[in-house]
There are 2 protein chains.
Amino acid sequence: MMELTRKGEYAIRGIVYLAGKPLDKVCLLSDIAAAVDVPPTFLAKIFQQFSKIGLVRSFRGTGGGFLLGRAPELITLLEVVEAVEGPIIPNRCVCAPQDCDRSAFCNVHPVWKRVQGQVRDVLTGVTLRELADGNNQQ
Amino acid sequence: MMELTRKGEYAIRGIVYLAGKPLDKVCLLSDIAAAVDVPPTFLAKIFQQFSKIGLVRSFRGTGGGFLLGRAPELITLLEVVEAVEGPIIPNRCVCAPQDCDRSAFCNVHPVWKRVQGQVRDVLTGVTLRELADGNNQQ
DNA sequence: CCTAAAAAGACATTATGTATCCTTTTAGGG
DNA sequence: CCCTAAAAGGATACATAATGTCTTTTTAGG
């Protein structure tokens, strides 16, 4: 359980690749996809999501492509993951206790809260800078 | 992401209910299902899985039913969750690095390892005793 | 205009989750 | 030795989500 989907995996690969490039280097989606071995059409959807929330910036037309929306040390892995996978929610009751008519007598709830906190803490503690370093083929 | 399935949720409800009963009290599946508001046929499948690994013991025929395989303070939430959801695997590469031809230059791998460890730690730290207490209608 | 490239939307396929039903096995009781 | 109770096991059905692909539209440069 708790498994990252392909989409999440691909998203990380793609944006980490970008983070390994100079901040002002505009990259073609097709190049990124080839470099990180992800279906280009799928990666396109992922980068559209990134673009909407500003994780990357996009330019259309000739000479267009993508670059990172912020410096890689300012983007956490949590942001990347949640951008495509949605929030970290070990159990429904964590985000919508009101929907769970059992929460009044449910001792499990606080456990899932703790799990959520731990996972978020780990992912918040990692930036794209760290992930790109030592991984940088330029 | 990382969401528990219904199956996992139902599994916890069911076995926590058992944990709230006297250790030698044989409970009918139909009673458990009704008490924790889970489809009986579905809960049956779940308890079959529990039974196979000894988390619960089952008795067939008249007077049959289920009881806990061990004292509730000796069963962790991790065991229960993994019994029905499989192992905690934030990413494939965590369990099968050899399958991931990227692991040689993948800095994300150790992060998922850390996530896995944190989640397992939290779930290992909770026993059915604690979950059943204050939850015990006898 | 013409071409390059991303954005947007529709669609297809497969896998997983969420069950239900039916038959078989096991056990107790008369 | 049946008869009934109850779990075990297997097959099936349905819904939802994951994993892509394809086509059209928008935007921008030359």
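Below, chain A is the first sequence line, B the second, and so on; all start at residue 1. Computed from a prediction, not measured in an experiment: that's the story for all the values here.
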Counting only pairs under 3.5 Å, give me each side-chain donor-acceptor contact of residues 28-36 of chain A, with atom names and distances, residues two or more places apart or in other chains.
none

## Note on the structure
Taken in chain and number order and not counting sequence neighbours, the residues that satisfy side-chain hydrogen bond (donor to acceptor under 3.5 Å, both in side chains) with A:T124 are none

Gap between atoms [atom1] and [atom2], on [X] and [N] respectively (whole Å):
| X | N | atom1 | atom2 | value |
| --- | --- | --- | --- | --- |
| B:L43 | D:dG9 | CG | P | 16 Å |
| A:M1 | C:dT18 | CE | P | 11 Å |
| B:E3 | D:dA17 | CD | C1' | 12 Å |
| B:R6 | D:dT16 | CZ | P | 10 Å |
| A:E9 | D:dG20 | CD | P | 12 Å |
| B:I32 | D:dA6 | CD1 | P | 12 Å |
| B:E85 | C:dG17 | CD | C1' | 10 Å |
| A:K7 | D:dT16 | NZ | C1' | 15 Å |

### Query
Do A:Q48 and A:S51 have side-chain N/O donor and acceptor atoms under 3.5 Å apart?
no

### Query
OP1 or OP2 of D:dG20 less than 4.0 angstrom from a side-chain nitrogen or oxygen of A:Y10, does that happen here?
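Looking at the OP1 and OP2 atoms of D:dG20, one of them is under 4.0 Å from a side-chain N or O of A:Y10.
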
### Task
For C:dT18, take OP1 and OP2 only and decide whether either is under 4.0 Å from a side-chain N or O of B:T5.
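Yes, B:T5 has a side-chain N/O under 4.0 Å of OP1/OP2 on C:dT18.
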
### Message
Going by salt bridge (charged side-chain N to carboxylate O under 4.0 Å, His left out), name the pairs with one or both residues in residues 52-76 of chain A, residues two or more places apart or in two chains.
### Response
A:R70-A:E79, A:E73-A:R129

Taking distance alone, no hydrogens or angles, what donor-acceptor pairs closer than 3.5 Å link side-chain atoms of residues 112-121 of chain B to residues at least two apart or in another chain?
| residue | atom | partner | partner atom | Å |
| --- | --- | --- | --- | --- |
| B:Q116 | NE2 | B:I88 | O | 2.8 |
| B:R120 | NH1 | B:E82 | OE2 | 3.2 |

### Query
Do A:I53 and A:V84 share a hydrophobic cluster (ILVMFWY, side-chain heavy atoms under 4.5 Å, transitive)?
yes

### Query
Between B:I15 and B:F42, is there a shared hydrophobic cluster once you connect ILVMFWY residues whose side-chain heavy atoms come closer than 4.5 Å?
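Yes.
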
## Note on the structure
Double-helix bend of the helix from C:dC1-D:dG30 to C:dG30-D:dC1, axes at both ends from 5 pairs, round to 10°, gives 0°

### Query
In B/S/- notation, 5' to 3', how is nucleotides 2-15 of chain C contacted by protein heavy atoms closer than 4.0 Å?
-BBBSBBB------

### Query
For the side chain of A:N91 and the backbone of A:H109, is there at least one donor-acceptor N/O pair under 3.5 Å apart?
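Not a single qualifying donor-acceptor pair exists.
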
### Query
Is A:T41 touching bases, backbone alone, or none of the nucleic acid, heavy atoms closer than 4.0 Å?
base

### Query
Are B:K7 and B:E85 within salt-bridge range, i.e. N to O under 4.0 Å?
no

